[in-house]
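Computed from heavy atoms alone, side chains included, the values below leave out hydrogens, waters and symmetry copies.
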Amino acid sequence: MIHYKISTTAFPHRHFISFEARIPTNGKSMLNLQLPAWRPGRYELGNFSKNIRAWQSFNANNEKIYFEKLNKDLWQVHCAGLTEVIIRYEYYAAELNAGSSFLDEDLLYINPVNCFFYNADKADENYELHFELKQEVEIACGLKKKSAYVLVADNFDQLADCPLIASASMLHLKYTVNSVVYHLHIQGEVKLDEARLLREFEAFTKTQIAMYGDIPCGEYHFLFHFLPYFVRHGVEHHNSTVIAMGPAADFQNDALFKDLLGISCHELFHTWNIKNIRPIEMMPYDFTKENYSRLGYVCEGVTTYYGDFLLWRSGAFNDIEWCDVLSESIQTYLDNPGRFNHSVADSSFDTWLDGYGAGIPWRKISIYNEGLLIAFICDIQIRQLSNGKFSLDDVMKNLYEKFGKKNIGYTAQEYLQLINEAAGADLSSLFSNIVYGKEDYMPYITQCMNALGMEITETPSAKWNEAYLGLYVDENVTRAAVQSVMPGSPADQATLWVGDDIVAINGIAPYKNFQHLMRMFENEVEISFMRKGKLKTTTLKYDNSVWALKYRVTVNENAPAECAALRNKWKTGIKA
């Protein structure tokens, strides 16, 4: 067993958490101690070792022993003749989001994958964590408790997947579904309708249990950080999730409350899809390097689809709100020229390359958004081809039964095979076209919408410069910063590009009135802009061509009755 002591320093405002670990050598003369390079739930390197200082190793007599750092996050301790070594270090915990660690006078929040070491040659050792804190607190965590301030883990995988909050001001709520207790640990100043919160959470939990049959954990913990500034972030774990949201003062707003439901439903769905049902490339996780997979459209895309869809099924979303979800997803897809250049499968692979930022212009698409649309297409096509006998629900349940419960990773071909079995048809060409290829999604989406008695309407974007110039800008007081440009648009033809700062239109500075200025002049204008410190000018010519549309999904009340019947079965989960 590895014994860890975690303590807060005398100056918690400095954000350093102190760690001491006693690690058995198992008779080895060298002990290789590994810190993870990334955290599951975000498929990019985190390089957490950059937050460590004062790392030192000792023997049982508290005498320093020799160590060397072999790479950015692997330490080797020379321990011939010793039964255990002691390591001490400090971790800088100054970032507060759903995947980080944080310490101040009021809060200790640890995501263990950030800051705990494991024996690289024996990662299955038990852990016992002793907390020495400056005040009496409650510790909220998915790990087993030996006592109020002692937690235990069966191995590093379990430890890495169980974040914790230690606080004296945490609110604790709970509800039960099928004998499993779901805990809500609420940290931060926030006013919530607790009865509604519990009612809605219980409802979407029941829809997920109804879909899968059971949940692969004995209890579940929602760990909430409600913060005074804008943030939307959630990270999934085996039997818990951390969700950071704000501004906390705005939660009387119904839209923000439903954002909270959406993130929470999404993260709970991950308990099955990625924490239990996992691509073969990530079974088990390799914490030392990239874990490449092209299945992000399943891991994240299917989860994004069900995260909102099951709120519609549970009654938290009405028909209009669910149509709004589909509208926004279609809008995001069509507004991104990256769809012409990178498939969703390749974009999944490349999360490790350029993280979660926009990347270079027009290069890639989102495994979350495009994955949602693919899940929607698959769900409706399965329902149609099977005459209503099966749906994507059945595919996910089969993944759980055949792979998740058996602790076996699945391949892309095995996922497609389950899709084909449910549909009773071969959908390989569909996957070749829109998963591995770059074919337009809209014909497939439109066909599904027609079958459901729904339709997509198109109107020019409300922002004139987007609609008729293909130019997206962020306006400040004296200039308009170019955010993106549509390929072939008047803005593109005028050589305007991402990062340019427009400072004048026909010699007039745009004082937060960029659109109005552009519309004052007919046919063409002279644009003055700054690019890399140089003042440039260009002529922008435009006509009435529309370059940006606003897309809206609605229910067609005049559609045939069989369309309404299919839509109702889709919503409720009823089979033929």
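Judged as a ring-ring contact (aromatic ring centres under 6.0 Å, His included), the pairs with a partner in residues 16-44 (not counting sequence neighbours) are, in order, Phe16-Tyr92, Phe19-Tyr89, Phe19-Phe116, Trp38-Tyr285, Trp38-Trp352.
A cation-pi arrangement is found for Arg339 relative to Tyr333, the charged atom lying closer than 6.0 Å to the ring centre and inside a 45° cone about the ring normal.
Every residue meeting the salt bridge (Lys or Arg N to Asp or Glu O under 4.0 Å) condition with Lys402, not counting sequence neighbours, appears here in chain and number order: Glu421. Contacts of Asp124 classified as side chain to side chain contact (heavy atoms under 4.5 Å, CB included), with partners at least two apart in sequence or in another chain: Lys122. Tyr444 meets the ring-ring contact (aromatic ring centres under 6.0 Å, His included) test with no other residue; sequence neighbours excluded. Annotation: ring-ring contact (aromatic ring centres under 6.0 Å, His included) contacts of Phe131 (sequence neighbours excluded): none. Not a single ring-ring contact (aromatic ring centres under 6.0 Å, His included) links Phe58 to another residue, sequence neighbours left out. Listed by chain and number, the residues in a salt bridge (Lys or Arg N to Asp or Glu O under 4.0 Å) with Glu138 amount to none (sequence neighbours excluded). Applying the side-chain hydrogen bond (donor to acceptor under 3.5 Å, both in side chains) test to Ser101 and every residue at least two apart in sequence or in another chain returns Asn114. Residues that satisfy the side chain to side chain contact (heavy atoms under 4.5 Å, CB included) test with Thr288, not counting sequence neighbours, are Gln34, Tyr118, Asp286. Take Asp308 and apply the salt bridge (Lys or Arg N to Asp or Glu O under 4.0 Å) test, not counting sequence neighbours, and it matches no residue. For the salt bridge (Lys or Arg N to Asp or Glu O under 4.0 Å) test, residues two or more places apart in sequence or in another chain that qualify with Glu44 are Arg42. Applying the ring-ring contact (aromatic ring centres under 6.0 Å, His included) rule to His78 yields the partners Tyr66; only residues at least two apart in sequence or on another chain are considered.
In this structure, Leu372 CG and Ile377 CD1 are separated by 10.0 Å, a value rounded to the nearest 0.5 Å. In this structure, Ser343 OG and Phe431 CZ are separated by 12.5 Å, a value rounded to the nearest 0.5 Å. The structure places CD1 of Ile23 at 11.0 Å from NE2 of His3, a figure rounded to the nearest 0.5 Å. Rounding to the nearest 0.5 Å gives a distance of 5.0 Å between CD1 of Ile110 and SG of Cys115. Rounding to the nearest 0.5 Å gives a distance of 9.0 Å between CG of Asn178 and CG of Asp214. With values rounded to the nearest 0.5 angstrom, Thr241 atom OG1 is found 8.5 Å from Leu268 atom CG.
Below 30°, between 30° and 60°, or above 60°: for Tyr410 and Tyr415 the angle between ring planes is between 30° and 60°, a tilted geometry. Between Phe201 and Phe204, the two ring planes are tilted [angle within 30° to 60°]. Taking the six-membered ring for Trp and thresholds of 30 and 60 degrees, Tyr305 and Phe309 have nearly parallel ring planes, at less than 30 degrees apart. Classified by interplanar angle (parallel below 30°, tilted 30° to 60°, perpendicular above 60°), the ring pair Tyr400/Tyr212 is perpendicular.
Using a distance-only test at 3.5 Å, with no hydrogens or angles considered, no donor-acceptor pair links the side chain of Trp75 to the main chain of Leu31. Here the side chain of Lys206 pairs no donor or acceptor atom with the backbone of Ile209 at under 3.5 angstrom. Side chain of Asn59 to backbone of Asn61: a donor-acceptor contact under 3.5 angstrom is found. Counting only distance, with no hydrogens or angles, the side chain of Ser100 and the backbone of Glu95 share a donor-acceptor pair below 3.5 Å. With hydrogens and angles disregarded, a donor-acceptor distance shorter than 3.5 Å links the side chain of Asp394 to the backbone of Ser391. Between the Gln208 side chain and the Phe269 main chain, a donor and an acceptor come within less than 3.5 Å of each other. In this structure, Thr304 contributes its side chain and Asn369 its backbone to no donor-acceptor pair below 3.5 Å. Between the side chain of Tyr109 and the backbone N or O of Ala93 there is no donor-acceptor pair closer than 3.5 Å. Without hydrogens or angle criteria, Asn433 side chain to Ser429 main chain gives a donor-acceptor distance under 3.5 Å. Judged by distance alone, the side chain of Asn291 and the main-chain N or O of Lys289 form a donor-acceptor pair under 3.5 Å.
Under a cut-off of 6.0 angstrom, the local environment of NZ in Lys72 is crowded, with over 12 non-hydrogen atoms contributed by other residues, nucleotides or ligands. More than 12 heavy atoms of other shown residues, nucleotides or ligands fall within 6.0 angstrom of atom CD in Glu439.
Ion pairing between a basic and an acidic side chain is recognised when a charged N comes within 4.0 Å of a carboxylate O; Asp259 and Arg232 show such pairing. For the pair Lys438 and Asp346, the salt-bridge criterion is not met [side-chain N within less than 4.0 Å of a carboxylate O]. The residues Lys275 and Asp161 are annotated as salt-bridged, a charged nitrogen and a carboxylate oxygen being separated by less than 4.0 angstrom.
Put simply, the side chain of Tyr91 does not reach to within 4.5 Å of the side chain of Leu103, judged on heavy atoms. With a 4.5 Å cut-off on side-chain heavy atoms, Ser428 and Asn420 count as touching. Looking at heavy atoms from C-beta onward, Asn119 lies in side-chain contact with Asn26 at the 4.5 angstrom threshold.
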> Can you list the steps and then say if Thr205 with Tyr175 is a side chain to side chain contact (heavy atoms under 4.5 Å, CB included)?
Replying inline: CA-CA 10 Å; Thr205 301; Tyr175 63 95; 2.7 Å; yes
> Going through the distances and angles, do Asp121 and Lys28 end up as a side chain to side chain contact (heavy atoms under 4.5 Å, CB included)?
Replying inline: CA-CA 10 Å; Asp121 303 312; Lys28 301 288 187 179; 5.6 Å; no
> Run the side-chain hydrogen bond (donor to acceptor under 3.5 Å, both in side chains) check on His185 and Gln187 step by step: do they pass?
Replying inline: CA-CA 7 Å; His185 306 279; Gln187 176 64 29; over 6 Å; no
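If you check the side chains of His270 and Glu300, you find a donor sitting under 3.5 Å from an acceptor. Inspection of the Glu128 and Asn126 side chains reveals no N or O donor paired with an N or O acceptor under 3.5 Å.
Under the 6.0 Å cut-off for aromatic ring centres, His130 and Tyr149 do not qualify, their centroids lying 6.0 Å or more apart.
With respect to Cys162, the side-chain contact (heavy atoms from CB on, under 4.5 Å) criterion is satisfied by exactly one of Asp157, Leu151, Leu143: Leu143.
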